[in-house]
Amino acid sequence: MKNYFRAVCLTVLLSAFFSPNLSAQNKITPPQKSVQVFSVSGIDIPEKLSPEAERRLETFRVVWQTVKDNYFDQSFGGLNWNKIKNEFEPRARQSESDAELHLILQEMINRLSKSHFVIIPPEVFREIGKAKAEFEEKIEAGETEAQTNQTTPSIKEEPEKPSHYGIGIDIRFIDNQVVITQIEKDSPAAGAGLKTGYVVEKINGVSLKSFLENFRRNAIYAKVFEKQLSRFVLSFIDGETGGGSVRLGFRDEKEQAGEIEIRREAVKGEFVKILSGLPDEFVTFDAKSLGEEIGYIKFNAFALKTVEKFCGAISRFKNKKALVVDMRGNIGGNFGALFGIVSLLTDKNLVIGAEINKFGKETRFVQPQIKNFKGKLVVLIDAQSYSAAEVFASGLKENNRATVIGETTAGSALPALTKPLPTGAVFLYPVGNFETPKGNLLEGIGVEPNVKIALDRRSLLAGKDLQLETAINFLKDE
């Protein structure tokens, strides 16, 4: 959801630059404006709100009531939710714009200190709608990337529908630096000479150091998206429509500064609906052999289309002795898809965990498919593995079906729903907690790997993926 992250991040940066009081509201609450009251025959009558103010007040009440009615922890973590309303409603009433209200709402739900609580502003949906409309206009005009840029070879066929564009890299924060951790074969980045281990320092002339300082200045949204900063940064490197170019400033293996402009190319994948009310997610899927005995599958989100592709890959790998499922960078997604994929990796019934809601606890079972993979299994995880990816890893690990290798996951694993708001924003909110088969909670903790190993810049500069190499060596030694 790169376009979603870009739009949210722009909102964060704008508020950081132009609304310093708002960005610090969780530390210092600004003085509240008084509500004017008119007296008629001794009866106090509050000043009538404008239609816009009424809409913002109604939005506040919808968010507050939704949490009150649906939050899985009806003790609200020890908070008095009625007092929270009394504290924030006057501020919502006096907010002078939808953007100001959305910040107030985000600050309020941040008090619960749980993941999957986000106010998604309507700018996100407008940007995505604009991007898709621009692409459709190109299709109607008969334009394609190949027609408009004959001199630049495309590594993928031009898609027949809206696609995502990128330069073929992935990044992570390593020692507080944005480091390139993966470069796709034959990608624009590979053709431009970028290498794993290079440090990205600028994007289109903008210093990432300044970018991150501005991001963290907005304490309200920084608290929500701090763990996803690498995705934020990558969203500015990649694009949505028309390709275009990006100019990267980097530091190479000799610590020499360099700068290069790289044209984006269409990425293989497709937009699919994962959660109602949210923008479609661009889902990628890769399956390949790592030698004669080991198969490899990597996808970035759990969706129904992913199950179909995974099933096809399992058919291809039916004669393999082992399989690596790479969950690094997987954002989670549809729990139904999660259960479907697990059913292709077991030959017996599994308890994958239990969902805890305000009514109690519901155990989640998975039954095996007739066609399933019975060989050895490794799951790769890192700090960018979220939600359903964490449930997937913990379920297979605690059932002794897979060995988990990598780094501790994000600890963001709450089943969630969405609700449209009167301002045009969408409210993402959790309705449950999730407990692993052994009774461990994932939220705020994450999945601990069986074999813990982190990526480091030195090995990346040498062209090594230590986590994947560890998985391969583990399977060969078994």
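These values consider heavy atoms only, across backbone and side chains, with no hydrogens, waters or symmetry-generated copies. Since we're looking at a predicted model, the values are computed, not measured.
Between Arg264 and Asp238, none of the side-chain N atoms (NZ, or NE/NH1/NH2) sits under 4.0 Å from a carboxylate O, so this pair counts as no salt bridge. Electrostatic pairing of Lys320 and Glu293 does not count as a salt bridge here, judged by no charged N lying under 4.0 Å from a carboxylate O. Under a 4.0 Å N-O distance rule, the pair Lys452/Glu407 does not qualify as a salt bridge. Under the 4.0 Å criterion applied to side-chain N and carboxylate O atoms, Arg364 and Glu355 are assigned as salt-bridge partners.
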Under the side chain to side chain donor-acceptor pair (under 3.5 Å) rule, what do Thr470 and Asn473 come out as? Steps first, then yes or no, please. CA-CA 5 Å; Thr470 301; Asn473 292 333; 5.8 Å; no

Test Phe250 against Asp252 for side-chain contact (heavy atoms from CB on, under 4.5 Å), laying out the working first. CA-CA 6 Å; Phe250 62 89; Asp252 65 15; 4.3 Å; yes

Kindly determine whether Phe173 and Leu229 satisfy side-chain contact (heavy atoms from CB on, under 4.5 Å), including the steps that lead there. CA-CA 8 Å; Phe173 277 83; Leu229 277 179; 3.6 Å; yes

Step by step, work out the side-chain contact (heavy atoms from CB on, under 4.5 Å) result for Leu79 and Leu112. CA-CA 8 Å; Leu79 292 177; Leu112 291 164; 3.9 Å; yes

Candidate pair Lys227 and Ser115, rule side chain to side chain donor-acceptor pair (under 3.5 Å), full reasoning: CA-CA 11 Å; Lys227 292 182 179 179; Ser115 67; over 6 Å; no

Test Phe232 against Phe211 for ring pair (Phe, Tyr, Trp, His ring centres under 6.0 Å), laying out the working first. CA-CA 10 Å; Phe232 269 134; Phe211 170 89; 7.4 Å; no

Under the side chain to side chain donor-acceptor pair (under 3.5 Å) criterion, do Gln384 and Ser230 qualify, and how do the steps go? CA-CA 8 Å; Gln384 296 298 300; Ser230 63; 3.3 Å; yes

Applying salt bridge (Lys or Arg N to Asp or Glu O under 4.0 Å), run through Lys298 and Asp286 and close with a yes or a no. CA-CA 5 Å; Lys298 179 181 176 65; Asp286 183 31; over 6 Å; no

Are Gln106 and Asn110 close enough, and set up right, to give a side chain to side chain donor-acceptor pair (under 3.5 Å), and what steps lead you there? CA-CA 6 Å; Gln106 189 66 54; Asn110 281 356; 3.0 Å; yes

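When each of Val342, Val391, Val325 is paired with Leu396, the side-chain contact (heavy atoms from CB on, under 4.5 Å) condition holds for Val342 and for no other. Of the candidates Lys202, Arg251, Arg247, Arg247 is the only one forming a salt bridge (Lys or Arg N to Asp or Glu O under 4.0 Å) with Glu259.
Checking side-chain atoms of Thr409 against main-chain N and O of Val447 turns up a donor-acceptor pair under 3.5 Å. The backbone N or O of Asp175 sits nowhere less than 3.5 Å from a side-chain atom of Arg457 that would complete a donor-acceptor pair. Distance alone, capped at 3.5 Å, is enough to place a donor-acceptor pair between the Glu443 side chain and the Ala413 backbone. Judged by distance alone, with hydrogens and angles left aside, the side-chain atoms of Asn450 form a donor-acceptor pair with the main-chain N or O of Val404 at under 3.5 Å. Side-chain N or O atoms of Asn300 include one that pairs as donor or acceptor with a backbone N or O of Phe282 at under 3.5 Å. At distances below 3.5 Å, not a single donor-acceptor pair connects side-chain atoms of Ser459 with backbone N or O atoms of Leu455. Within the 3.5 Å criterion, the main-chain N or O of Ala389 finds no donor-acceptor partner in the side chain of Ser385. Of the possible donor and acceptor atoms, one in the side chain of Glu390 sits under 3.5 Å from a partner among the backbone N and O of Ser387.
Taking CG from Leu475 and NZ from Lys376, the interatomic distance works out to 7.0 Å, rounded to the nearest 0.5 Å. Between the CD1 atom in Ile262 and the CD1 atom in Ile169 there is a gap of 7.5 Å [rounded to 0.5 Å]. The OG atom of Ser343 sits 10.0 Å away from atom CD1 of Ile352, with the distance rounded to the nearest 0.5 Å.
Tyr165 approaches Ala266 most closely through the heavy-atom pair CD2-N, 3.4 Å. Nearest heavy atoms, Ala301 versus Ile274: CB-CD1, 3.8 Å. In terms of heavy atoms, Asn372 sits closest to Thr346 at CG-O, 3.2 Å. Closest non-hydrogen pair, Ile180 versus Leu460, comes out as O-CD1, 4.1 Å.
Contact annotation: the side chain of Phe285 approaches that of Ile297 to within less than 4.5 Å [non-hydrogen atoms, C-beta and beyond]. Residues Ile203 and Val246 form a side-chain contact, since some pair of their non-hydrogen atoms from C-beta on lies under 4.5 Å apart. Contact check for Arg263 versus Pro188: no side-chain heavy atoms found under the 4.5 Å cut-off. When side chains are defined from C-beta on, Glu435 counts as touching Ile356, because their heavy atoms get closer than 4.5 Å. Side-chain atoms of Met327 and Phe299, non-hydrogen and from C-beta on, do get closer than 4.5 Å to each other. Counting heavy atoms from C-beta outward, Ile341 and Phe302 have side chains that approach closer than 4.5 Å. In this structure, Ser412 and His116 have side chains that are in contact, with non-hydrogen atoms separated by less than 4.5 Å. At least one side-chain heavy atom of Val324 sits less than 4.5 Å from a side-chain heavy atom of Leu380.
Atom CD of Glu253 has more than 12 heavy atoms from other residues, nucleotides or ligands within 6.0 Å. By the 6.0 Å contact criterion, NZ on Lys318 is open, its count of non-hydrogen atoms from other residues, nucleotides or ligands being 12 or less. The local environment of CD in Glu292 is sparse, with at most 12 non-hydrogen atoms from other residues, nucleotides or ligands closer than 6.0 Å. For Lys209, the NZ atom is loosely surrounded, since the number of other residues' heavy atoms within 6.0 Å does not exceed 12.
Neither side chain, Arg328 nor Gln182, offers a donor N or O lying under 3.5 Å from an acceptor on the other. If you check the side chains of Gln467 and Asp326, you find no donor sitting under 3.5 Å from an acceptor. A donor-acceptor contact closer than 3.5 angstrom is absent between the side chains of Lys397 and Asn399. Using modelled atom types, one finds no donor on one side chain facing an acceptor on the other under 3.5 Å when comparing Ser187 with Glu265.
Because its NZ or CZ atom is both nearer than 6.0 Å to the ring centre of Tyr296 and within 45° of the ring axis, Lys288 counts as a cation-pi partner of that residue.
Here Tyr71 and Tyr429 keep their ring centres 6.0 angstrom or further from each other.
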